[in-house]
Amino acid sequence: MTGSTAPSRLPARRPILPPALLNPGVLAGLAVLLVVGLAAVAAPYLWTGDPILLRPRLRLKPPFELAWLGTDAFGRDVWSRVVYGARVSLAIGFAVATASVLIGLVIGLVAGYLRRLDAVVMRIMDGIMAIPSILLAIAMVTLSGAGIGTVIVAIAIPEIPRVARLVRSVVLSVRSEPYVEAAIGAGTRLPMLLVRHVLPNTIAPLIVQGTYVCASAILTEAILSFLGAGIPTEIPSWGNIMAEGRQAFQIAPWVILFPGLCVAATVLAVNIIGDGLRDALDPRTARRLGALR
Amino acid sequence: MGRFILGRLAATLPVMGVVAVIVFLLLRLAPGDPAAILAGDAASPEQIAEIRARLGLDQPILAQFLSWIGRLAQGDLGSSIISNQPVAKLILDRIEPTLALATTTILFAVLVAVPLGVLAAWWHGTWVDRMVMAISVLGFSVPVFVLGYLLIFGFAMQLRVLPVQGYVSITEGLWPFLSRLILPTLTLSVIYIALIARTTRSSVLEVLGEDYIRTARAKGIGETQVLWRHALRNAAVPVISVIGLGIALLISGVVVTESVFNLPGLGRLTVDSVLARDYPVIQGVILLFSALYVLVNLAIDLTYLLFDPRIRY
Amino acid sequence: MHEAIKSGLRLALGLAALVAVSEPRPALAQSKPVTIRAVMHSGLRITDPIITTAYIARNHGYMIYDTLFATDANFKVQPQMVKDYTVSQDALTYTFTLRDGLKFHDGAPVTSADCISSIQRWGKRDGMGQKLMDYTASLDAVDDKTFTLKLKQPYGLVLASLGKPSSNVPFIMPKRIADTPADKNVPEEIGSGPFRFVKGEFQPGLKVVYEKNPDYVPRSEAPSWTAGAKTVKVDRVEWINIPDYQTAVNALINGEIDYLEQPPHDFLPILKGASGVQIFNYNTLGVSGMLRMNWVNPPFDNEKIRQAVLLAVNQQDYLDAQIGDPDYMMPCPAMFVCNTPNATDAGAPKTDLARAKQLLKEGGYDGRPVVIMQPTDLAIVVPLGPVTAQALRKIGMNVDLQSMDWQTLVGRRAKQDPVDQGGWNLFHTFWVNADMLNPVGNVGINARGRKGGFFGWAEDAAIEEMRDAYARETDPAKQAAIAKAVQQRAYAVGMYYPTGQFVMPLAARSSLTGILEAPAPVFWNIAKK
């Protein structure tokens with residue numbers, strides 16, 4: 001790291017909108033996601049059995065002895081559970097991402113537009129942000145009963161304030177643009193303007209934010225299940241397969257290993273796609289998002 | 001400056017108020033009955049109703065809320081429904097392991113992540129950069145508890161160099177204290193390292209492209225000087241702010257890590273209390289965590305003064 | 001960059017300062033006390049073994065309290081705190097005299113008044129205690145060391161009740177503490193037992209510390225179950241709660257703890273292979289699972305449908321899913337525990353799916369989903385729900401297996417409401433067999449219905465009559481005959497289904513010697529090398 005070689009390098013390597021989606025990492029990420037998604041859709045046709053069929057006498061059989069990926073502590077087929085689990089884990093990721101982005105968008109628009117509501121709404125958002133998200137989620141799931149819906153709501157709510165803040169700040173900056181002020185002077189209605197100018201400015205960063213939310217939701221589901229506040233046992237998800245398998249981690253590591261690999265690979269893929277999208281965006285927004293993660 | 005701090009402190013009050021309302025409503029509107037848990041197996045409905053009345057759980061929600069807030073205003077967090085101990089004492093008993101783990105994690109993560117991020121920015125676009133970025137994305141992607149189990153398996157069970165679990169206060173010796181914190185710290189800091197390394201990389205990268213860096217270079221200042229004196233100083237602000245935002249992430253991780261490594265900290269206290277419907281304790285701990293989050297972020301706003309001469313309050 | 005490090009350091013120092021102000025730990029004693037570090041099946045939160053039946057509170061009770069009577073390994077009730085006792089000719093008056101030298105941990109001697117208050121408080125909570133109180137006319141102190149129990153009519157279970165080995169055990173507390181209302185946790189943990197509770201080091205749910213009670217005078221007889229000499233051979237016992245079994249097992253193998261009460265059976269092969277670890281089956285009588293239906297809500301308000309369930313399930317499936325290793329499990333149709341005086345296979349159902357389906361039809365099952373409450377965090381009960389669900393689906397029932405934590409389940413099972421208003425249809429639990437030995441103690445057989453029955457509220461007048469007859473009977477042979485009739489009837493009406501017997505051994509470092517067989521894990525007689 002001496003001064004003689006670096007100067008010629010650094011400025012030249014400023015990123016100028018790389019063709020993000022052609023980058024090999026992003027392509028690999030998309031491929032992984034495609035495979036997992038297809039597996040989830042085609043689960044019944046992938047040599048799977050009933051994922052919740054108990055075979056008490058065939059507990060904890062290692063891979064290939066009886067089933068490709070072995071059986072769990074109930075004698076259930078791990079392969080079938082992991083494939084069906086992809087459905088639940090992906091659904092949670094996408095549902096949480098969509099819900100938190102859409103609701104956050106609406107809240108952000110309303111807060112930015114109705115100035116009188118702004119203070120109240122943003123204080124509530126601050127309050128939610130201040131509560132550790134995992135504790136909020138555990139409390140919500142435990143107290144209102146395990147289920148896919150509860151888990152989605154519990155993971156989505158803590159994500160909403162970040163989206164709302166982002167959107168609100170864009171609304172506020174758009175409002176103060178001279179051309180917007182001029183347009184208002186000319187009688188154009190503000191909501192129309194907001195929709196016309198705010199949405200285009202926010203959609204791209206929101207999609208990026210959405211991918212990160214999606215990735216973290218898949219992980220959070222696993223953590224909630226680990227802490228005993230996740231998806232009900234009859235609905236296999238990667239999280240609860242691992243949570244139920246952790247008892248036997250040293251005797252039957254395969255029960256945790258395969259869903260663990262699936263979680264890591266999928267989350268990795270979604271994150272890489274998110275990074276790719278982010279790099280394709282305005283670096284300023286990109287930086288703000290990086291900090292928001 | 002003093003007025004600014006006072007103003008910011010005052011601004012945290014409504015946030016804490018919102019937190020108090022949310023937590024209270026969440027607990028009281030949800031099903032689950034601490035009285036039934038307390039009453040046990042052989043209880044009759046009458047006995048359960050009696051206990052409910054003794055705990056004040058038969059009062060209207062608003063009345064319960066007002067009485068809680070009233071006592072809170074006098075600094076009284078109430079007592080655990082289950083063990084009868086004051087919430088403040090329960091928290092004090094448990095705060096040490098959590099603070100110790102949080103401290104070692106932040107320290108370790110910063111020590112590792114900042115150099116990694118700088119290296120990645122410096123050798124931007126090379127294999128070093130790609131390695132650092134790959135490791136950091138991976139750090140975001142592995143479930144904390146899986147990592148914890150793998151570390152226990154490797155270091156404690158196979159190599160037998162570190163204890164599996166538990167916490168020993170620093171007053172009982174530095175090595176016993178540190179040896180039990182190493183694996184939890186490693187586990188917990190992975191996601192934090194990922195976060196800080198990425199932010200460091202992108203902010204150093206950005207600063208390196210700024211005009212004043214070019215000016216500095218044009219003036220003939222050495223590259224090392226440029227990096228150390230200008231780039232890092234200016235890149236510090238986003239890095240510090242991400243440490244603050246990461247506090248929330250840290251708290252979430254602490255809950256899981258404490259459970260894997262059996263650290264008797266606040267995270268486990270919360271999970272246990274949620275499972276037992278111990279309302280006063282849940283309320284107390286969540287309020288404390290929220291206050292911590294708000295105050296740390298306030299403190300971080302203030303440290304900007306140290307790093308960014310352009311910011312003046 | 002050094003600036004960034006500095007900021008980290010500053011933050012760290014700030015946090016360290018906070019650490020420094022948090023409460024200091026008590027200093028270690030000069031000479032290192034001999035300490036057993038034990039991980040029990042759960043953390044101790046409620047320290048009152050009378051208000052809760054939780055086994056952890058019972059185990060805590062055996063540490064610090066003593067009992068008037070105790071049951072030995074041959075199911076014989078032996079005097080413990082009592083020196084001797086007499087029963088009047090008409091069997092209506094029991095006179096008890098206390099041993100010399102009994103002292104509470106606060107220095108006060110144990111008196112008749114303490115015993116009477118303690119029995120009365122326990123009699124308000126415990127099932128067998130309530131029954132005993134129903135028959136009791138009065139409890140009177142004769143002098144400081146002698147007191148009498150007068151019955152309204154002859155009752156066969158006086159000593160069996162006072163020597164009851166498992167929850168709720170009639171522990172003796174000082175009168176001022178025993179006068180606490182029976183639904184309120186005792187304010188102080190003071191007993192006259194072999195260990196003393198170290199209040200300053202108690203962290204609810206985390207850590208309990210006991211120290212040897214130097215004033216305790218053990219009996220001269222050899223220890224047998226909870227009877228005989230309670231000789232403490234270590235200075236301290238620490239109960240540390242490690243909720244993650246994986247971690248607890250690793251800690252035992254690594255020598256960080258000495259004693260692990262209930263390692264899950266899947267870990268036993270690992271523990272057997274580890275050096276310096278012993279496996280010991282302390283509770284040979286074992287444990288039984290229980291499938292309980294709710295008689296208040298349809299479809300299980302219908303006897304035919306309850307019978308169908310009993311014909312659809314089988315113990316082997318439950319035990320395979322729960323335990324897996326035949327060495328530790330035993331199918332057993334006896335509701336009052338196999339290999340005990342009341343054991344019988346009378347009335348036990350044999351799996352018959354065709355008959356079960358027909359009974360469903362006859363019972364008019366309308367396809368409504370059966371809500372099974374499924375705990376996620378009580379490892380030994382977790383496997384039962386899915387097995388029942390699968391069995392019920394096989395005979396054509398619809399099942400809604402609802403996951404929840406154990407405490408939620410405990411709260412919800414107390415609700416007699418319809419299912420759509422927070423009620424339920426079926427849950428599973430387990431009992432230490434020492435609790436199940438006769439129709440009076442076995443809560444599954446309590447047939448009092450909505451008022452005073454166990455959750456599920458089975459109601460059957462014939463069984464209640466037989467339970468009373470059993471309680472009055474003093475001849476063991478006739479008691480066994482009544483127990484047989486009770487079991488026959490209980491299976492026929494579907495009071496509950498025992499999902500099979502199993503044992504849950506403990507694992508300990510080999511350095512511990514003298515671990516006793518007992519219906520509860522007890523720490524007297526254990527020495528540590």
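Quick note on labels: first sequence line is chain A, next is B, and so on, each numbered from 1.
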With respect to chain B, which residue among [options] yields the maximal number of heavy-atom pairs within a distance under 4.5 Å?
options: C:Ile253, C:Asn446, C:Thr429; value: C:Ile253
options: C:Val443, C:Thr247, C:Thr47; value: C:Thr247
options: C:Ile257, C:Asn185, C:Asn250; value: C:Asn250

With a 4.5 angstrom heavy-atom cut-off, could you sort out which part of [X] is near chain B: side chain, backbone, both or neither?
X: C:Arg45; result: both
X: C:Leu409; result: neither
X: C:Asp48; result: neither

Side-chain contact, heavy-atom cut-off 4.5 Å: C:Lys207 with B:Pro264?
-> no
Any side-chain heavy atom of B:Asn262 sitting closer than 4.5 Å to one from C:Ile240?
-> yes
Among B:Ala109, B:Ser83, B:Gly148, B:Ser80, single out the residue with the greatest number of heavy-atom pairs under 4.5 Å to chain C.
-> B:Ser83
At a 4.5 Å cut-off on heavy atoms, which part of [X] comes close to chain C: side chain, backbone, both, or neither?
X: B:Leu90; value: side chain
X: B:Leu55; value: neither
X: B:Ile152; value: side chain

Taking every heavy atom of B:Lys89 against every heavy atom of C:Phe202, the minimum-distance pair comes out as NZ-O, 4.4 Å
